[in-house]
Amino acid sequence: MKIAIVGVGNAGRILTAKLCDMEQDVVMIDKDRSALAELALDHDIMTIEGGGEDPDVYLNPSVQDADLLAAVTPFDEINLLSCCWGKAAGARYTIARLSDDKYLRSPIVDTAKLGVDLPLVHKQECTREVFDVLFRPGTLEVSSLLDDKITALGLKLPAHTPIAGKPLKEFKTVSWLEKVRIIGRIQQGRLRIPNGNSVMGVSDEIYVVVPTHEIDPFLDWIMAGQRKGFKKVVIAGAGEFGLALAGLLEDTPMKTILIDNHRERAKHASRELTRCLVLNADATDASTLKEAGLDTRTAFVAITGDEEMNIVCCIQAKQFGTGFTIARIDKPEYAPIIANLNLLDRVVSPNISLVESILKYVRGETVEDVGLFHRITGEVQEVVIKAGSKGDGTSISNLHLPAHCIIAGVRRGDDVFVATGNLILRPGDHLAIYSLPDTAEKIQDAF
Amino acid sequence: MNIPSILNIISYLVGILSLAMLLGAGISLYAGEKLAAMGLLESAGISIVCAFVSWFFTRRSGTLSRRDGFGIATFGWLLVSIFGALPYILSGVIADPIPAIFETMSGFTTTGASVLNDLEDLPRGILFWRAMTHFFGGMGVLVLCVALLPFLKVGGMQIYRAEMPGPNKDRLTPRISETAKLLWGVYLLLCVMETLLLRIGGMSLFDAWCHTCATVATGGFSTRTASVGAYDSAYFDLVILVFMFLAGTNFTLHLKLLRGKPMQYFFDSEFRFYFFFWLAACLTLTFNVWGHANMAFLDAMRAAFFQGTSIMTTTGFVTQDFDLWPETSRILLVFLMFVGGCAGSTGGGMKHIRIMTGAKTLYREILLYMRPNAVKTIRIDGQSVKEETIANICAFLLIFLALFAVGSLVMTAFTPDIETAASCTIACLANIGPGLNAVGATQNYADIPNAGMVVLILLMLLGRLELYTVLVIFMPSFWRK
């Protein structure tokens with residue numbers, strides 16, 4: 001597939017790296033000559049120097065016969081124009097990153113007419129992600145699969161969890177482990193795919209696939225009664241993300257405090273929100289955090305555009321006794337390092353959410369959906385079994401799956417099963433498969 | 001530097017070459033040359049075994065880093081020249097290893113400087129192998145690898161950068177392996193066309209192929225001692241002249257022609273410069289030669305245009321002994337040696353784009369001396385040239401001239417006179433072949449002592465890989481992790 005990307009920012013860089021791993025033809029367009037040169041040293045890509053809003057750029061033959069044009073600059077206007085020019089030049093499909101949904105809400109703007117085939121509002125996706133985590137206390141990460149029928153959860157095992165201490169296969173009689181599947185676990189910083197002999201330990205992080213309607217009872221069981229909802233959420237940063245998140249929290253019983261040291265932004269937030277308490281103060285100040293009142297039942301979300309400040313805020317909030325911290329990190333290189341430092345409970349990155357959505361389109365037919373996790377490498381892919389394909393009529397244990405991958409669940413019609421070895425696959429089955437990065441590309445070959 | 005992965009790629013290079021040796025052995029067998037056939041077979045065997053062993057032990061080596069492309073290019077070319085010398089040594093055509101390596105390096109770098117006399121008496125298999133070294137070296141054996149080996153990915157780009165000539169490496173497609181395939185496609189197409197045209201003119205298919213390899217690769221190895229002059233045919237002269245000129249042009253432009261954009265040639269300022277420079281030089285030669293000897297105007301024109309094109313595109317074919325031409329023509333030919341072909345062509349030398357940029361920079365510096373506050377951008381094809389690129393080009397021109405100066409100084413120890421020393425240095429550095437006096441049009445390099453040959457081998461490699469790729473090897477930091 002030939003893919004033109006406009007914008008060599010954080011999102012553009014993650015997208016390029018992912019696409020090059022998938023051996024796609026990538027053309028990167030940006031004004032920044034040195035950033036292009038730097039990226040071209042590490043990836044086999046073509047670069048075109050020029051602004052996304054410059055129509056001359058799109059006369060390049062490599063852009064004209066692109067199968068996909070993804071405009072991912074931080075500026076909505078440039079992204080819209082890029083799609084517009086790209087479509088006119090001959091690109092087959094266009095995706096625009098939009099930070100605000102005002103273009104989609106407006107009755108007078110028709111983005112399809114502008115040439116945008118898929119507008120992605122990454123603010124919504126990212127705030128939704130944070131909201132999911134806050135709403136399901138105890139989890140580190142939530143990603144829904146197979147049309148929301150099943151959900152992948154990441155969680156840290158607390159003390160006294162019933163799952164720790166013996167090999168997984170000895171749990172056969174416990175009803176929970178027949179309904180869920182553990183797809184990965186991190187023990188002392190190393191990610192492994194567990195099998196029947198694995199023994200879980202307290203304070204391991206595990207990734208589990210659970211039928212969506214059974215998440216809450218499952219969490220109650222595994223957290224051994226230590227699961228309590230958050231009473232309060234403190235958000236640092238009243239920018240567009242902070243505001244959107246606070247807006248979502250308005251309808252929940254959780255108390256919300258929004259902190260921003262910019263007077264106008266704080267004023268604007270207080271006009272937009274009704275229940276939320278807005279503080280015009282510096283979130284890095286100890287006095288501010290004291291005023292907000294942090295305790296173990298409080299979640300602290302640092303979601304400003306400044307990632308270094310987000311990290312500092314979260315560390316400080318931890319010192320003041322916050323139970324759970326979430327920081328927004330934009331730079332792709334930072335996310336895994338921060339996650340390993342164990343200073344923060346959760347990292348969110350709007351860019352990863354965005355890239356995830358674009359990759360869904362690129363993977364094409366058999367792979368329907370992709371879930372990426374922030375804290376662990378690897379990803380969950382959805383694969384559809386086609387009539388007459390290699391997978392049709394084969395039992396799961398006879399599939400020649402590559403190493404380092406695990407089938408998390410199967411959806412047939414409206415039913416969702418946890419995958420067991422004897423299950424015979426039928427055409428139309430949707431499979432959710434978790435794999436480590438080096439295996440991700442080989443999975444499609446097995447079907 | 002990741003030595004195992006470098007060796008791994010080089011084993012593929014040697015493997016590809018051994019196939020061409022087998023083909024040469026077949027030709028020798030067909031022609032009934034037992035000794036040469038055995039020599040070529042043995043060389044192919046040794047190469048295949050060495051390539052397989054080194055591939056086997058390095059097959060699990062890691063990925064290539066940013067710097068490894070330079071190592072692959074430099075050591076790849078050196079090793080390929082050593083393995084490529086085996087057929088000469090084992091068949092006894094050139095028994096001494098150093099001249100044999102010289103001949104091979106001269107073939108791969110498309111220089112065309114030879115140590116062989118009486119080419120008519122040589123086995124056909126060896127002549128074929130000699131032509132094949134040009135064929136592989138012309139578009140670049142590493143570029144061929146990038147085209148054929150799909151697993152190189154980012155490494156492929158580093159290798160491509162290290163081998164392709166010119167200051168800006170054009171990318172025609174998002175993926176470098178596709179670009180390499182396209183360029184090799186154009187190269188093969190030119191080869192097929194020229195072979196057919198020479199065949200139509202009455203040259204035997206074998207000679208036509210050998211001369212084609214030497215033309216399209218801008219090499220210069222002929223199958224006749226008197227080079228193209230031996231045929232004394234205006235038709236052959238014209239066909240070879242046209243293809244030498246095309247080989248000295250940026251291959252990207254040929255590709256655009258094939259894609260239905262013929263006018264791109266004249267939209268490209270380097271091509272315009274190349275064309276008019278060539279025309280001016282050849283016309284000057286014509287009038288100079290015409291006035292000197294009692295040649296008819298058309299004869300003078302034919303000789304001058306052929307010789308001018310042959311030297312400027314760094315091919316090095318000869319139809320007339322230009323050492324007998326007037327001094328003006330002789331020095332003009334030496335100037336042409338420096339210039340070379342266009343970026344992205346198979347020609348050597350400094351490249352027209354660098355001369356153009358260098359000249360514009362000189363003009364700018366003089367202007368700035370007069371108006372110290374002026375800000376002036378250098379443009380090529382209407383696009384501003386990066387200051388780093390300008391610095392890179394100026395440094396290239398300086399290093400090139402410095403190597404010429406130092407090389408000439410060293411070569412005076414091995415040659416009878418200054419003219420020979422200077423002309424053989426530039427003839428090797430710019431990958432041309434014939435020089436003046438003792439290495440002139442009718443002479444060859446057989447009389448140069450082995451030590452001198454080693455110097456020339458290095459100069460040929462430096463010229464073909466465009467200095468920087470080879471010079472970074474001498475940086476101590478290149479060897480550190």
Side-chain angles (χ1 to χ4, degrees), chain A residues 1-6 8 12-13 15-51 54 56-70 86 91-92 362 437-438 441-442, chain B residues 60 62-70 143 145-147 149-162 164 167-182 252-253 255-261 264 267 377 379-390 392:
Chain A
M1 207 174 191
K2 286 185 183 147
I3 299 159
I5 305 173
V6 182
V8 71
R13 290 211 307 278
L15 189 57
T16 305
K18 277 273 168 198
L19 290 174
C20 284
D21 287 344
M22 291 164 69
E23 305 204 359
Q24 307 288 349
D25 293 356
V26 178
V27 182
M28 175 60 91
I29 301 164
D30 202 289
K31 266 185 208 153
D32 187 343
R33 197 183 247 178
S34 54
L36 286 178
E38 184 63 26
L39 190 68
L41 276 178
D42 286 330
H43 300 288
D44 185 7
I45 58 165
M46 184 169 165
T47 57
I48 300 175
E49 192 193 328
D54 179 359
D56 288 347
V57 164
Y58 300 88
L59 294 178
N60 190 303
S62 303
V63 183
Q64 283 172 336
D65 49 56
D67 297 306
L68 168 66
L69 181 126
R92 283 214 352 255
V362 176
D438 51 338
E441 301 317 315
K442 299 178 197 149
Chain B
R60 293 193 196 288
T63 48
L64 296 169
S65 76
R66 287 182 184 186
R67 282 179 301 190
D68 290 340
F70 305 124
V143 175
C145 274
V146 172
L149 306 179
F151 56 84
L152 285 173
K153 290 186 194 171
V154 186
M157 204 173 55
Q158 310 300 340
I159 296 171
Y160 181 87
R161 254 162 47 91
M164 263 324 258
N168 295 312
K169 325 286 177 185
D170 287 340
R171 266 178 109 97
L172 308 163
T173 55
R175 269 203 275 175
I176 209 74
S177 63
E178 300 297 318
T179 302
K181 271 182 204 143
L182 284 175
T252 315
L253 296 174
L255 196 75
K256 286 182 178 156
L257 171 74
L258 292 177
R259 285 178 171 172
K261 292 177 188 161
Q264 289 294 322
F267 292 148
T377 314
R379 288 174 196 279
I380 300 278
D381 286 332
Q383 302 260 317
S384 67
V385 183
K386 276 192 274 185
E387 289 302 320
E388 300 92 70
T389 311
I390 293 172
N392 174 299

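Both backbone and side-chain heavy atoms feed into the values below; hydrogens, waters and symmetry mates do not. Given the structure is predicted, the values throughout are model-derived calculations rather than measurements. Here is the naming used below: chain letters follow the sequence lines, and residue numbers restart at 1 for every chain.
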For this session: State plainly whether the residues A:D25 and B:R175 are in salt-bridge range, i.e. N to O under 4.0 Å.
Result: yes

Exercise. Taking everything shown except A:R33 itself, do over 12 heavy atoms lie less than 6.0 Å from its CZ?
Worked result: yes

Seminar exercise, completed: Heavy-atom nearest pair, B:P174 first then A:V26, reads CB-O, 3.5 Å

For this session: Could you name each residue pair satisfying salt bridge (Lys or Arg N to Asp or Glu O under 4.0 Å) that touches residues 380-389 of chain B, not counting sequence neighbours?
Result: B:R364-B:E387

For this session: State, to 0.1 Å, how close A:D44 and B:I176 come at their nearest heavy-atom pair, and which atoms those are.
Result: OD1-N, 3.3 Å

